[in-house]
Amino acid sequence: MKSMKFLFALAVIFFCGNMQCVFSQSSSRFSINKYTNEKGDTLNYRLLFPDADTMRRYPLIIFLHGSGERGNDNEAQLKWGVTSFASDRNMMLHPAIVIAPQCPEKMSWSNFSREKNSTEIFLQASPAKPMLLVIELIHQLEKTMPVDTNRIYITGLSMGGFGTYDAIERYPHLFAAAVPVCGGGDVSKAASIAHIPIWIFQGAEDPAVNPAFASSMLQALSKAGAHPGFTQYPEVGHFSWLGAYNDDQMLEWLFKQHK
């Protein structure tokens, strides 16, 4: 029995070490960058470039992290989800330019108002400063990198899931597809984004983001004539992104989308 426990412990150590090695390898593929606009406002971001191929233009993926990864270290935003795009397999099957900006402390990707004890939220007139910088960065990259402007995708988790809805509701003609993970948006804007291919992910037992946000957007989009994808994981809490960004079917679907 002791020998079995010892072998099990070794297996766990090996598995965890191997996963850490894979994460380290994937995260190291993201170069360290900073965008500064004419006003002097700055946005830290990491960039994954797909291949040393000057003959092609690539889709651009914008990844918005959650609230726990805010800061100025330009590293924490790689903790969840985005490194899936940097695996050997996905870089071969789905080469893309991937941008992972970092939201500063005490700020947010989205600017929604919300009534107390309600899941109904409303898009405010002005974007949050981090979102404005993200959009400016996208336009800069369109000019300076081999971006396929018909294949700009946006995705995000938790705070970034709300940010994903904020982005497509403010700039409905910029993005070719969106994957909000455990987030929500202004359902009154559903008709304006019904033309955008969207795949929604949510944990059925999420204690941090009420699943009603996701289901309300699903209903509003469907009513507006859209056909969004919807995956709700049973017996899953807030970490629905673990499944979402490792879903091969979702990735295949995402990279087929274009304006």
Side-chain angles (χ1 to χ4, degrees), residues 15-33 44-51 58-70 73-103 109 134 138 141 147-148 151-165 167 175-183 197-203 206 208-209 214 229-233 236-257:
F15 176 79
C16 292
N18 190 49
M19 289 299 99
Q20 181 63 36
C21 180
V22 171
F23 172 79
S24 178
Q25 180 186 38
S26 297
S27 62
S28 68
R29 294 176 176 176
F30 287 81
S31 63
I32 298 173
N33 300 270
N44 290 330
Y45 70 96
R46 301 292 288 266
L47 182 150
L48 175 72
F49 196 80
D51 194 1
Y58 295 97
L60 172 64
I61 297 174
I62 306 300
F63 173 84
L64 304 179
H65 63 76
S67 60
E69 290 72 62
R70 289 178 290 190
D73 64 357
N74 211 359
E75 183 177 356
Q77 72 267 38
L78 302 181
K79 180 178 180 180
W80 299 110
V82 70
T83 55
S84 293
F85 295 106
S87 70
D88 289 351
R89 181 173 185 272
N90 283 331
M91 288 187 72
M92 280 296 294
L93 292 177
H94 309 295
I97 300 167
V98 182
I99 300 298
Q102 186 176 34
C103 185
W109 298 122
V134 167
I138 291 172
L141 295 175
V147 173
D148 182 346
R151 299 176 69 199
I152 300 177
Y153 311 133
I154 188 164
T155 184
L157 58 91
S158 196
M159 182 183 80
F162 286 89
T164 298
Y165 282 115
F175 301 100
V179 182
V181 182
C182 52
I198 300 171
W199 193 328
I200 301 165
F201 285 83
Q202 179 67 46
D206 192 330
V209 176
F230 183 77
T231 299
Q232 180 165 282
Y233 297 110
V236 170
H238 194 43
F239 288 6
S240 54
W241 55 79
L242 297 179
Y245 294 114
N246 287 287
D247 188 320
D248 289 339
Q249 186 178 1
M250 183 276 283
L251 292 175
E252 290 287 343
W253 168 87
L254 178 65
F255 285 98
K256 289 178 182 177
Q257 308 308 316

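Side chains are part of it too, since the values below use all heavy atoms of this structure and drop only hydrogens, waters and symmetry mates.
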side-chain contact (heavy atoms from CB on, under 4.5 Å), that's the test. Do Arg29 and Asp88 meet it? Break it down for me. CA-CA 11 Å; Arg29 294 176 176 176; Asp88 289 351; 2.6 Å; yes
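- The distance from the CG atom of Leu141 to the CD1 atom of Ile62 is 7.0 Å, given to the nearest 0.5 Å.
- Within the 3.5 Å criterion, the main-chain N or O of Met250 finds no donor-acceptor partner in the side chain of Glu252.
- Within the 4.5 Å cutoff, the side chain of Ile61 has no heavy atoms near those of the His94 side chain.
- Although no hydrogens or angles enter the test, the distance criterion places a donor-acceptor pair under 3.5 Å between the side chain of Gln102 and the main chain of Glu69.
- Of all non-hydrogen atoms in Ser240 and Gln202, the two that sit nearest each other are CB-C, 3.8 Å.
- Within the 3.5 Å criterion, the main-chain N or O of Gly243 finds no donor-acceptor partner in the side chain of Asp247.
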Going through the distances and angles, do Thr164 and Trp109 end up as a side-chain contact (heavy atoms from CB on, under 4.5 Å)? CA-CA 8 Å; Thr164 298; Trp109 298 122; over 6 Å; no
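- Ring geometry for Trp80 versus Phe239: interplanar angle of 30 to 60°, hence tilted.
- Taking both residues in full, the closest heavy atoms of Val209 and Ser158 are given as CG2-OG, 4.1 Å, listed atom of the first, atom of the second, then distance.
- The shortest heavy-atom contact between Ala176 and Pro197 is O-CD, 3.1 Å.
- Rounded to the nearest 0.5 angstrom, Leu64 CG and Leu157 CG are separated by 8.5 Å.
- For the atom pair OG1 (Thr155) and CZ (Phe201), the distance works out to 8.5 Å, reported to the nearest 0.5 Å.
- In this structure, Trp199 CH2 and Gln257 CD are separated by 10.0 Å, a value rounded to the nearest 0.5 Å.
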Would you check, one step at a time, whether the test side-chain contact (heavy atoms from CB on, under 4.5 Å) holds for Leu47 with Tyr45? CA-CA 7 Å; Leu47 182 150; Tyr45 70 96; 4.1 Å; yes
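- Side-chain atoms of Phe30 and Val98, non-hydrogen and from C-beta on, do get closer than 4.5 Å to each other.
- Atom OG of residue Ser28 and atom CZ of residue Arg46 lie 8.5 Å apart, to the nearest 0.5 angstrom.
- Between His65 and Cys103 there is a side-chain heavy-atom pair separated by less than 4.5 Å.
- Using a 4.5 Å heavy-atom threshold, the side chains of Phe255 and Asn90 count as separate.
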Can you list the steps and then say if Ile154 with Ile152 is a side-chain contact (heavy atoms from CB on, under 4.5 Å)? CA-CA 7 Å; Ile154 188 164; Ile152 300 177; over 6 Å; no
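- For Met91 against Pro50, the heavy-atom pair with the smallest separation is CE-O, 3.6 Å.
- Closest of all the heavy-atom pairs between Phe230 and Gln232 is CE2-CB, 3.8 Å.
- The closest donor-acceptor contact from the side chain of Asn44 to the backbone of Asp73 lies at 3.5 Å or more, if one exists at all.
- Residues Phe63 and Tyr245 place their aromatic rings such that the two centres sit under 6.0 Å apart.
- Contact between Asp148 and Pro59 at its shortest, heavy atoms only, is CB-N, 4.2 Å.
- Distance check: Tyr58 OH to Arg151 CZ gives 11.0 Å after rounding to the nearest 0.5 Å.
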